[in-house]
Amino acid sequence: MLPTPMAEPALRDGEAYYRRLLRVVEGQRLPLALVDLDRLETNAQALQLRSGRLPIRLGTKSIRCVEILRHVQAMSAQFRGLFCYSAREAAWLHQQGFDDLLVGYPTLEADDFAAAARAVRSGATLTLMIDEADQALALAQAARTLGVRFRVALDLDMSSDLPGLWFGVRRSPLRDAQAALAVAACIREQAGALQLVGAMGYEAQLAGLQDRAPGSPLRNQLLRALKRHSQRELGRRRRQIVQALREAGHDIGLVNGGGTGSLEATAADTCITEATAGSGLYSPTLFDHFGHFHHLPAAFFALPVVRRPAPGLATCTGGGYIASGPAGADRLPSPFLPSGMRLLGDEGAGEVQTPVKLPPGFTPGLGAPLFFRHAKAGEMMERFDRLLLFRGDQAVATTPTYRGQGQNFF
């Protein structure tokens, strides 16, 4: 089945919001990406409440807009630091005035090493992620060549290995204290080039899997049971690893965890010092159906109607903004407003045109905007050079995305 518009308990009056969006984009060039600042701020406050005691490190890959990063950090001191997806990205963000930069993925490219070294020499607090000894050795060699000392953190695997089922993602080989201590010992041997300062244990299976998806009661029930089991098991394992590292004399001051879908579970783990979140600010469709929270859709894109091939149908320019992950209908963009639109099963969302089935009684004019939501958060920004920011029914600013600033890190 193709995605259908979400039930809108938070909207209450979807048609009123549609009319508001029409006023916001009037006179704008389409296609266009837009962000509702009022909703974004409401979502940011909800993330703060859900994370409880923990400071929140903003996940940049889920935002990909410098102005949005600045705006959210300025809202509260609880938003501290950035969780970056590329060392080169982190170095560029330091040039934009950001600091306390944690790179969540391994760095092996020479130009990434060089960019990170330049940032460190210019005063950046930048931490790189590793999960095996060979990565540490490559990083240490680069540090010596470039004349710097790199801060590093260990990426701990937080997946649950159940009989006949791997519940989680394939990231790190560091699943227990023994494995983590072995890599930490390698880092200690490179003390002049590397400094171990922290660890990350990201519970992806808790943070990213919807457990109240409509039409799947048995799957939802199974997922909730698996999540409960996994939360208990990985929490124990994460605490054991961090304790073992500290008992071995490693100064582990930073322990990062979490994501938009698992902030409550992360905050309950006493060894965690900070949580990461980002997607919840925009609230894409893959976060519509969690049982324990609901954020407001805040990021949309508008496509213009350019064809009306038959009664009840309209074809828009662009729209084929497919999300990463396992290929399936939930990775397609979802028609949002006006309510009642749906994609066509034999076409989906196309690279240069997207046909939609219209709600009864609605016939848009040529050039009229139809509004869609992306399945994921930051990936939508890779399709647009700029974001239109608005409050109420008034556009307040246009700001570039990473792409609009000529930045493409992968």
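Atoms considered below: every heavy atom in the structure, side chains included; atoms not considered: hydrogens, waters and symmetry mates.
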Can you tell which of R403, K61, R64 makes a side chain to side chain donor-acceptor pair (under 3.5 Å) with E382?
R64
Under 6.0 Å between ring centres: does that hold for Y18 and F336?
no
A277 backbone acceptor or donor facing T260 side chain under 3.5 Å:
no
Sorted by chain and residue number, the side-chain contact (heavy atoms from CB on, under 4.5 Å) partners of L137 (sequence neighbours excluded) come out as D134, C186, Q190
Within a strict 4.5 Å, meaning less than it, do heavy atoms of the F409 and D112 side chains meet?
no
Flag the pair R70 / Q96 as yes when at least one side-chain heavy-atom distance between them is below 4.5 Å, and no otherwise.
yes
Whether R170 engages the ring of W166 as a cation-pi pair (distance to the six-membered ring centre under 6.0 angstrom, angle to the ring normal within 45°) should be assessed.
yes
Is there side-chain contact between L126 and L128, with heavy atoms separated by less than 4.5 Å?
yes
Any L102 side-chain heavy atom under 4.5 Å of E274 side chain
yes
Does the side chain of M341 come within less than 4.5 Å of F362's, by heavy atoms?
no
Taking the side chain as C-beta and beyond, is there a heavy-atom pair between L366 and V306 under 4.5 Å?
no
Run the side chain to side chain contact (heavy atoms under 4.5 Å, CB included) check on S283 and L296 step by step: do they pass?
CA-CA 6 Å; S283 194; L296 296 171; 5.9 Å; no
Working for ring pair (Phe, Tyr, Trp, His ring centres under 6.0 Å), residues Y321 and F384
CA-CA 10 Å; Y321 314 142; F384 296 92; 5.4 Å; yes
H292 side-chain N/O to S262 backbone N/O, donor-acceptor pair under 3.5 Å:
no
Tell me whether the rings of Y17 and F390 are parallel (<30°), tilted (30 to 60°) or perpendicular (>60°).
tilted
Is a salt bridge present between R238 and D269, judged by a nitrogen-to-oxygen distance below 4.0 Å?
yes
With a 3.5 Å distance limit and no angle check, can you tell me whether R331 reaches the backbone of S324 through a side-chain donor-acceptor pair?
yes
Could you go step by step and tell me if R171 and D155 meet the salt bridge (Lys or Arg N to Asp or Glu O under 4.0 Å) rule?
CA-CA 8 Å; R171 291 172 64 103; D155 187 355; 3.5 Å; yes
Any donor-acceptor pair under 3.5 Å from D393 side chain to R23 backbone
no
L388/Q28 under side chain to side chain contact (heavy atoms under 4.5 Å, CB included): CA gap, chis, key distance, verdict
CA-CA 9 Å; L388 183 69; Q28 299 285 338; 3.9 Å; yes
Mark yes or no for whether T354, through its side chain, and G318, through its backbone, hold a donor-acceptor pair below 3.5 Å.
yes
With no hydrogens and no angle check, is any side-chain donor or acceptor of R175 less than 3.5 Å from a backbone partner on S159?
yes
Between CZ of F83 and CZ of R57, what distance do you get to the nearest 0.5 Å?
8.5 Å
Could you check whether any side-chain N or O of T401 sits under 3.5 Å from a backbone N or O of G404, counting only pairs where one atom can act as donor and the other as acceptor?
yes
Under 3.5 Å, side chain of R246 to main-chain N/O of D251, donor-acceptor pair present?
no
Would you say the ring centers of F293 and H295 fall short of 6.0 Å from each other?
yes
Quick one: do the S122 and H94 side chains pair a donor with an acceptor below 3.5 Å?
yes
Using only atom types and a distance under 3.5 Å, with no angle test, would you say the side chain of R391 pairs donor to acceptor with the backbone of V396?
no
Should L154 and V183 be marked as a side chain to side chain contact (heavy atoms under 4.5 Å, CB included) after you check the CA-CA gap, both sets of side-chain angles, and the distance that decides it?
CA-CA 8 Å; L154 296 178; V183 178; 3.7 Å; yes
Can you tell which of R53, K227, R50 makes a salt bridge (charged side-chain N to carboxylate O under 4.0 Å, His left out) with E264?
R50
Under a 4.5 Å cut-off applied to non-hydrogen side-chain atoms, are L387 and T398 in contact?
no
Would you find more than 12 non-hydrogen atoms of other residues, nucleotides or ligands less than 6.0 Å from R121 atom CZ?
yes
Could you check whether any side-chain heavy atom of Y402 comes within less than 4.5 Å of a side-chain heavy atom of L93, counting everything from C-beta outward?
yes
With a 4.0 Å cut-off on N to O distance, would you call E15 and R19 a salt bridge?
no
Is the backbone of G258 close enough, under 3.5 Å, to the side chain of T276 for a donor and an acceptor to pair up by distance?
no
Passing option when R386 is tested against M381, R29, Q405 for side-chain contact (heavy atoms from CB on, under 4.5 Å):
R29
Could you check, using the six-membered ring where one of them is a Trp, whether Y105 and Y85 have ring centers closer than 6.0 angstrom?
no
By side-chain hydrogen bond (donor to acceptor under 3.5 Å, both in side chains) - contacts of R219 (at least two apart)
none
